[in-house]
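In what follows, a single structure is set out as structure tokens and then discussed.
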Number of protein chains: 2
Amino acid sequence: MKKTIFVFSALIVALLVLFQLSKYAYLSGDISIEIIIAIIAVVFFFIGIHINKKALRKKEKTTPEINLKKVEQLGISQREYEVLVQISKGLSNKEIANALFVSESTIKTHVSNLLVKLDAKRRTQAIQRAKDLEILGI
Amino acid sequence: MKKTIFVFSALIVALLVLFQLSKYAYLSGDISIEIIIAIIAVVFFFIGIHINKKALRKKEKTTPEINLKKVEQLGISQREYEVLVQISKGLSNKEIANALFVSESTIKTHVSNLLVKLDAKRRTQAIQRAKDLEILGI
DNA sequence: GAAAGACTCATACTAAAGTACCAAAATCAG
DNA sequence: CTGATTTTGGTACTTTAGTATGAGTCTTTC
């Protein structure tokens, strides 16, 4: 919000400066009015592009942001989340165990807990649920 | 490409028209230069936004299209693809069998063939591969 | 009409996945 | 320090998944 106010203030100031500058330049006769207009056009053209890009970027970022909050709400621990990520990559329990340097038993425990917390019966269903809950970057 | 040329031509024409218009308006003394500048600024601001939006829209549309071609290339049959979709939904073989009104044996056969064609060892990996190949609407 | 491919299904295994229950470290908050 | 979580791991069992093999039906195509 502060950023928005700042940006708009800067824009207004820039506009005023341009007004004064153009008036001076025109009165002094150094620069023709065409050039002034062209400069203003180009400047605001790019300002438009820039503003639009920022607006779209924010929209995209709001989606994959809710992640961690929901993970907490579901009571999923850090380690469990790591396992969930590996599951979504298509790894087997044994492969996950190797990747995280723990035993397969541990992974099984984590997976079992995950299934309860995600209300899933299978790991494939857990992947779907996690995707729906926007817990994963997929 | 034709569209781009057209758009830019239109832009240049618009710019020239604005030049003449502004000169006339200024000389006739009806409108002050500030207003002319402001109008030009606003117009080009929105032109910038519009151009940027179109460019971004094109980028997004090129992605989710390639589907069916790759399915053919991989030699995945119609029925196999249906099974793949059900797998990605998180269903078990038995549940898929019920959904498609066939026996679990049949589903197992399809799944086995799918795994070979998708070069996957598990159904979770098959989901990942399918997603990477943009075969699924996920 | 016969070969080819797709779909179906069964049996018999092997291998993962998942459950249940328990328990010892490690970490963290009050 | 202590109680509460988290993380780790084991055993024992049940359930799914996945493989291999064979075979019958059906449709399409040459």
Side-chain angles (χ1 to χ4, degrees), chain A residues 67-133 135-136 138, chain B residues 67-133 135-136 138:
Chain A
N67 281 28
L68 300 175
K69 298 169 189 172
K70 286 194 179 173
V71 174
E72 275 186 68
Q73 286 181 340
L74 293 168
I76 294 175
S77 74
Q78 195 136 30
R79 204 58 165 166
E80 284 165 353
Y81 183 74
E82 291 180 60
V83 173
L84 177 59
V85 171
Q86 301 297 316
I87 288 178
S88 77
K89 288 182 183 172
L91 300 190
S92 71
N93 288 337
K94 198 172 289 181
E95 285 168 344
I96 298 173
N98 289 330
L100 301 183
F101 304 108
V102 294
S103 81
E104 197 185 337
S105 299
T106 306
I107 301 302
K108 281 189 177 185
T109 307
H110 288 322
V111 172
S112 242
N113 292 331
L114 268 173
L115 293 182
V116 173
K117 290 172 182 177
L118 285 172
D119 189 31
K121 289 175 188 166
R122 285 164 288 286
R123 47 171 55 205
T124 49
Q125 209 174 51
I127 295 175
Q128 255 306 120
R129 289 277 299 138
K131 236 178 302 173
D132 287 347
L133 293 167
I135 283 177
L136 294 171
I138 308 175
Chain B
N67 282 30
L68 300 175
K69 298 168 191 172
K70 285 195 180 173
V71 174
E72 277 186 66
Q73 286 180 339
L74 293 167
I76 294 175
S77 73
Q78 194 137 29
R79 204 59 164 168
E80 284 166 354
Y81 183 75
E82 291 180 61
V83 172
L84 177 60
V85 171
Q86 302 296 315
I87 288 177
S88 77
K89 287 183 182 171
L91 300 189
S92 71
N93 288 336
K94 199 173 288 180
E95 286 169 341
I96 298 174
N98 290 329
L100 301 184
F101 305 108
V102 293
S103 82
E104 197 185 337
S105 299
T106 306
I107 302 300
K108 282 190 177 184
T109 307
H110 288 321
V111 172
S112 240
N113 292 330
L114 269 172
L115 293 182
V116 173
K117 290 172 182 176
L118 285 172
D119 189 29
K121 288 175 189 168
R122 285 163 289 286
R123 48 171 56 208
T124 49
Q125 210 175 54
I127 294 174
Q128 254 308 118
R129 287 279 298 138
K131 236 179 302 174
D132 287 347
L133 293 167
I135 281 178
L136 294 171
I138 306 175

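Labels below follow one simple rule: chain letters A, B, ... track the order of the sequence lines, proteins then strands, and each chain is numbered from 1. Being a predicted model, the structure only gives us computed values, none of them experimental. Side chains included, hydrogens not; waters and symmetry mates left out as well; all remaining heavy atoms used.
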> Between C/dG5 atom C1' and B/Glu72 atom CD, what is the distance in whole Å?
Replying inline: 15 Å

> Rounded to whole angstrom units, what separation is found between the NZ atom of A/Lys117 and the P atom of C/dG18?
Replying inline: 16 Å

>> What is the separation between atom CG on B/Leu100 and atom C1' on C/dA6, rounded to the nearest whole Å?
In response: 15 Å

> Please give, in whole Å, the distance from C/dT19 C1' to A/Leu114 CG?
Replying inline: 15 Å

> CZ of A/Arg79 versus P of C/dT27: gap in Å, rounded?
Replying inline: 12 Å

>> I want to check something: taking the side chain as every heavy atom from C-beta on, are B/Leu84 and B/Glu80 in contact at a cut-off of under 4.5 Å?
In response: no

> Looking only at heavy atoms, which two atoms of A/Ile96 and A/Gln86 are closest? And how far apart?
Replying inline: CG1-CB, 3.6 Å

>> Measuring only between side-chain heavy atoms, which start at C-beta, is A/Glu95 closer than 4.5 Å to B/Arg122?
In response: yes

>> Within the 4.0 Å limit for protein heavy atoms, which parts of nucleotides 9-29 of chain D are touched? Write it as a string from 5' to 3', B for base, S for sugar-phosphate only, - for none.
In response: BBB-----BBB----------

>> With a 4.0 Å limit, can you tell me whether A/His110 has a side-chain N or O closer than that to the phosphate oxygens OP1/OP2 of D/dT6?
In response: no

>> Can you measure B/Ile76 atom CD1 to C/dG5 atom C1' for me and round it to whole angstrom units?
In response: 16 Å

>> Just the rounded figure in Å: distance from C1' of C/dC7 to CD of B/Glu80.
In response: 9 Å

> A/Ser88 and A/Leu136: which non-hydrogen atoms are nearest, and at how many Å?
Replying inline: CB-CD1, 3.6 Å

> Going by an N to O cut-off under 4.0 Å, is there a salt bridge joining B/Glu82 and B/Arg79?
Replying inline: yes

>> If we count only N and O atoms by modelled type, under 3.5 Å, do the side chains of A/Thr106 and A/Ser103 hold a donor and an acceptor together?
In response: yes

> In whole angstroms, how far is the C1' atom of C/dC7 from the OH atom of B/Tyr81?
Replying inline: 19 Å

